[in-house]
Structures are given as structure tokens and as C-alpha cells.
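Computation of the quantities below employed the complete heavy-atom set of this structure, encompassing side-chain atoms and omitting hydrogens, waters and symmetry-equivalent molecules.
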Amino acid sequence: MEQRTRARQLRNDATDAERRLWQQLSARQMCGIRFNRQVPVGPFICDFVARSAKVIVEVDGGQHAWRNGQDAERTRYLEGLGFTVLRFWNNDVLERTDGVVEAIASVLARLPSPGPSRERKGNP
């Protein structure tokens, strides 16, 4: 299946945890940074990506408990592209949403301020 088609399918079939976190990340609510959902990055489709800040947020379900090696390899690849990768378990997002949001905001606050975004060029 083509990545864009798979990404669209994942957006439509989001988990409860992904939906909950998206409520906090959408519409530039997080430090004014734009996040997108289910974004192809290299060979992977990442849950949430802030391209301007070079931050990826992954929300992992129970299947990731036995895929630590694959997840570590994926994280190394993405970090090699210059991204900061944050991983949270589904239950953390669902049960401690405020703490997850604070952790993401803390990381974003420590990053260098990104340049003007492409969508704002030409607008006053």
C-alpha cells in the first residue's frame, strides 16, 4: 500500500489516545507550532510531526512492548534526520493527558525558535 494512502487510513482509524492528543496538538495550540497527523517520514509513518520544530510525537500501544528493538531503530533513523522523537504509551495519553502535554511543551520550549513557516510567507 502506498504511504500516503496508508497515512490517510491511519488518520481515519486513529486510536482513542491519538484522538485525545490531537485535540491538544491541532490548530497550533501547542506553543504555536503546527503539527500534522500520520506523516510519512522516510520509510515510516509518524503519528504527529512538527516539521518546523523537527519534533515527532509517537503514541505507542501495547504491541510496542515487544518491538523495542524496532522502535529503537526507527528512533535512531528519525533522529539521524534531525528530529527529536518523543514516545508516550497510549495509557499515559489517556490517563495523564496533562502530563504528556506538559512534557511535549517543555521539549518545544527548549528548542531553538523555528524560522517563519512556509504558509505565512507573503502574509503580513
Check your understanding: Using a distance-only test with no angle check, is there a side-chain donor-acceptor pair under 3.5 angstrom linking Arg20 and Gln23?
Key -> no
Point to revise | Worked verdict on Arg51 versus Val39 for side chain to side chain contact (heavy atoms under 4.5 Å, CB included) | key: CA-CA 10 Å; Arg51 290 181 185 103; Val39 177; 3.3 Å; yes
Exercise for review: Spell out, yes or no, whether Leu108 and Leu86 are grouped together once hydrophobic residues are joined by side-chain heavy atoms under 4.5 Å, including indirect joins.
Suggested key: yes
Check your understanding: What's the verdict on side chain to side chain contact (heavy atoms under 4.5 Å, CB included) for Phe83 and Val55, showing C-alpha distance, side-chain angles and the deciding distance?
Key -> CA-CA 5 Å; Phe83 285 94; Val55 171; 5.9 Å; no
Review point. Taking all non-hydrogen atoms of both residues, which atom of Ala17 and which atom of Val93 are closest, and how far apart?
Key: O-CG1, 3.3 Å
Check your understanding: Taking the hydrophobic residues Ile, Leu, Val, Met, Phe, Trp and Tyr, and joining any pair whose side-chain heavy atoms are under 4.5 Å apart, which ones share a cluster with Leu10?
Key -> Ile45
Check your understanding: By side-chain hydrogen bond (donor to acceptor under 3.5 Å, both in side chains), which residues pair with Asn91, not counting sequence neighbours?
Key -> none
**Study point:** Residues which pass salt bridge (charged side-chain N to carboxylate O under 4.0 Å, His left out) with Arg8, listed by chain and number, not counting sequence neighbours
**Key:** none
Review point. Which residues satisfy the side-chain hydrogen bond (donor to acceptor under 3.5 Å, both in side chains) test with Gln24, sequence neighbours excluded?
Key: none
Review point. Rounded to the nearest 0.5 Å, how far does CH2 of Trp89 lie from CZ of Arg96?
Key: 12.5 Å
**Study point:** Under the side chain to side chain contact (heavy atoms under 4.5 Å, CB included) test, residues paired with Ala103 that sit two or more places apart
**Key:** Phe88
Exercise for review: Consider only side-chain heavy atoms of I, L, V, M, F, W and Y, link residues closer than 4.5 Å, and tell whether Ile56 and Leu111 are in one cluster.
Suggested key: no
Review point. Same hydrophobic cluster for Val107 and Val59, using side-chain heavy-atom links shorter than 4.5 Å among ILVMFWY?
Key: yes
**Study point:** Residues in side-chain hydrogen bond (donor to acceptor under 3.5 Å, both in side chains) contact with Thr15, at least two apart in sequence or another chain
**Key:** none
Revision key, fill the gap. Residues at least two apart in sequence or cross-chain that pass salt bridge (charged side-chain N to carboxylate O under 4.0 Å, His left out) with Arg11, listed by chain then number, are none
Practice item. Answer with yes or no whether the hydrophobic clustering places Met30 together with Leu21; edges join I, L, V, M, F, W, Y residues whose side-chain heavy atoms lie under 4.5 Å apart. Key: yes
Practice item. Indicate if Val49 and Ile104 have the same hydrophobic cluster label, given that clusters are the connected sets of ILVMFWY residues with side-chain heavy-atom separations under 4.5 angstrom. Key: no
Exercise for review: Verify side chain to side chain contact (heavy atoms under 4.5 Å, CB included) between Val57 and Asp47, making sure each step is shown before the conclusion.
Suggested key: CA-CA 6 Å; Val57 179; Asp47 293 333; over 6 Å; no
Check your understanding: Going by the angle between their ring planes, with limits at 30° and 60°, are Phe48 and Trp22 parallel, tilted or perpendicular?
Key -> parallel
Check your understanding: In Å and rounded to the nearest 0.5 Å, what is the SG to CZ distance from Cys46 to Phe35?
Key -> 12.0 Å
Review point. Got more than 12 heavy atoms from elsewhere within 6.0 Å of CZ, Arg19?
Key: yes
Review point. Who pairs with Arg37 by side-chain hydrogen bond (donor to acceptor under 3.5 Å, both in side chains), at least two apart in sequence or on another chain?
Key: none
Review point. Which atom names give the shortest non-hydrogen contact between Pro40 and Gln3, and what distance separates them?
Key: CB-OE1, 3.4 Å
Study note, to complete from the structure: Quick note, side chain to side chain donor-acceptor pair (under 3.5 Å) partners involving residues 100-110, not counting sequence neighbours, are Ser106-Arg110
Check your understanding: Mind checking what makes side chain to side chain contact (heavy atoms under 4.5 Å, CB included) contact with Glu79, not counting sequence neighbours?
Key -> Thr75, Val85
Point to revise | Flag, side chain of Glu95 to backbone of Asp92, donor-acceptor distance under 3.5 Å | key: no
Point to revise | Distance, nearest 0.5 Å, that separates CD of Gln9 from CD of Glu2 | key: 12.5 Å
